[in-house]
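Presented below is the structure to which this report refers.
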Amino acid sequence: MELEELNTLEKKYLAGTYGRQPIALVEGRGAVVKDSKGKEYLDCFAGIAVLNVGHSHPKVVAAVSDQAQRIMHTSNIYHIIPQLELAKLLFDVSNGYRSFFCNSGAEANEAAIKLVRKHTGKSEIIATENSFHGRSILTLSATGQEKYKKGFEPLCKEFKHVKFGDAEEIRDRISSKTAAVFLEPIQGEGGVIVPEDDYLGKVQKICEDNEILFVLDEVQTGFGRVGEMFAWQLYNVEPDIFTVAKALGGGFPIGAMLAKPEVMDAFEKGDHASTFGGTHIATAAAKASIEAILEEDLCQQARELGTYLIKELEGLKEKYGFVREVRGRGLMVGMELDFNGQDIVDKARERGVLINCTHDNVLRFMPPLVIEKEQLKMAVDVLDEIFEAV
Ligand SMILES: *Cc1c(COP(=O)(O)O)cnc(C)c1O
């Protein structure tokens, strides 16, 4: 199908909420994807940090097709064996958290906020400016960026926003009504904002001192992306609750809200549910994906290649005055420019490299963790050529 036709049909049949890049990807393996015209690209965005194990990882494909042939869905009215197996694996890799399964990041955050209310009997939550937590009315309320909220007010008033990175401001804003602090360990949509190394530790201490819950949104940072299975392991903290989605299913849609057992205990039968949550096929995919991350040591891979990528991008910063900053952890890397980066994204795509621009002027690199060093080098070389012509 030609691009023009796609645009016409989408206008006729779809809601029209997406501004799309002018390609349709139809095949993918590892870090390489192919469009409907047969052109190949190096994928340095991984479907928004979803394909940490790479496109169509053989283990995930086998798990999905095997499960699809047995049974795909029964609902949570019955025991679901693959769901239990995934929960046990998550318990093991998180050192003791219990899971509630849902289908997306926004749903995982909704579940977290319900658990916070049930556990504390309070509703006020401290979140951060410049954050992103999802598009439902409640998670939009938690989000700290006005551009997503315009036209959808009134939102839930129970969120107080503080500056990301400033733990003392959190201490100042806590009142007798405060139930929890809720934040991303590294802000993703906000432009890959990495806090000081001791920030999360300070926030955890403040939460403990004030007997409120410490909740992390790991929807983007989870599953090896930042060089550890979860970002809280990187920063040596232990949230009471954390949420995941994006990379959990290795490309299959699934989300989860995980909590320490004594916190999860506040949920009773009937308190929360989801028709599709933790369904056979999604949990089989997720289990296979996490096993692949462990077997292929992809956390270590993310650490090594992240260090390499940041060093190479720092090289471009030395060369080009319009590069303001390079920052990131593992393979979650941002490069802030003096100008809007969309034109760079377009030019890179034309040259066969998929990257993203977030927050207007931050180029974002989140390749599959299985990408090879030579492939990253090629992406940096393409960027160098483009920058040369700016
Ligand atoms: C993507 C994202 C969400 C929302 O996830 P959906 O699956 O799109 O609902 C929430 N929080 C963070 C940090 C995200 O990056």
Side-chain angles (χ1 to χ4, degrees), residues 15 17-20 45-52 100-116 125 127-145 147-149 152 155-156 159 161 164-165 180-195 200 203 214-226 230-232 234-235 239 241-258 274 276-279 282 285-286 289 328-334 356-359 362 364-367:
T17 52
Y18 298 103
R20 300 203 201 266
F45 195 45
I48 323 186
V50 165
L51 295 146
N52 288 11
F100 173 87
F101 293 107
C102 53
N103 311 288
S104 69
E107 279 180 52
N109 288 336
E110 292 266 352
I113 293 163
K114 279 184 76 171
L115 181 60
V116 162
I125 293 178
T128 62
E129 291 165 8
N130 197 48
S131 59
F132 181 80
H133 298 295
R135 304 280 197 149
S136 69
I137 293 293
L138 187 63
T139 56
L140 264 186
S141 310
T143 292
Q145 299 186 67
K147 67 177 178 192
Y148 297 108
K149 306 187 183 195
F152 301 105
L155 299 177
C156 170
F159 294 90
H161 291 92
F164 182 69
V181 173
F182 176 51
L183 41 78
E184 295 159 88
I186 294 174
Q187 291 185 330
E189 301 309 300
V192 191
I193 309 296
V194 184
L200 291 182
V203 175
F214 175 42
V215 187
L216 290 178
D217 177 344
E218 293 246 18
V219 171
Q220 193 159 143
T221 49
F223 300 103
R225 174 59 51 196
V226 300
F230 305 110
W232 57 260
L234 185 70
Y235 290 110
I241 303 172
F242 70 102
T243 56
V244 293
K246 291 194 165 87
L248 170 57
F252 211 91
I254 176 170
M257 184 275 288
L258 295 96
S274 163
F276 285 125
T279 196
S289 178
R329 299 300 295 262
L331 281 172
M332 180 171 179
V333 177
N356 161 262
C357 175
T358 185
H359 221 251
V362 181
R364 184 166 44 162
F365 306 81
M366 299 194 293

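Read the numbers this way: they start at 1 and go in the same order the structure lists the ligands and their atoms. Note that the coordinates shown come from a computational prediction; the quantities given were computed from them, not determined experimentally.
- Among all non-hydrogen protein atoms, the one lying nearest atom 11 (N) of ligand 1 is D217 OD2, 2.7 Å.
- Side-chain contact annotation: T128 with Q187, donor-acceptor N/O pair under 3.5 Å present.
- If you look at T243 next to ligand 1, there are no close heavy atoms at all, none under 4.0 Å.
- The shortest N or O to N or O distance between E189 and ligand 1 is not under 3.5 Å.
- Put simply, the side chain of L216 reaches to within 4.5 Å of the side chain of L183, judged on heavy atoms.
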Please step through side-chain contact (heavy atoms from CB on, under 4.5 Å) for the pair E189 and I48, ending with a clear verdict. CA-CA 10 Å; E189 301 309 300; I48 323 186; 4.2 Å; yes
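- Residue contacts with ligand 1: A245 is placed with no nitrogen or oxygen under 3.5 Å of a nitrogen or oxygen of the ligand (distance criterion only).
- At least one donor-acceptor pair closer than 3.5 Å links the side chain of S131 to the backbone N or O of G144.
- Heavy atoms of other residues, nucleotides or ligands lying less than 6.0 angstrom from CZ of F276 number 12 at most.
- Counting the atoms of ligand 1 from 1 in the order shown, those under 4.0 Å from a heavy atom of Q220 are 15 (O).
- At the shortest separation from atom 14 (C) of ligand 1 among protein heavy atoms lies K246 NZ, 2.9 Å.
- Residue E107 has no nitrogen or oxygen atom sitting less than 3.5 Å from a nitrogen or oxygen atom of ligand 1, judged on distance alone.
- A distance below 6.0 Å separates the ring centres of F230 and F223.
- Considering backbone and side-chain atoms together, E184 places no N or O closer than 3.5 Å to any N or O of ligand 1.
- Considering backbone and side-chain atoms alike, G105 places an N or O below 3.5 Å from some N or O of ligand 1.
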One pair to check against side-chain contact (heavy atoms from CB on, under 4.5 Å): K114 and F100. What are the steps and the verdict? CA-CA 12 Å; K114 279 184 76 171; F100 173 87; over 6 Å; no
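- Counting only heavy atoms, the protein never gets under 4.0 Å from atom 8 (O) of ligand 1.
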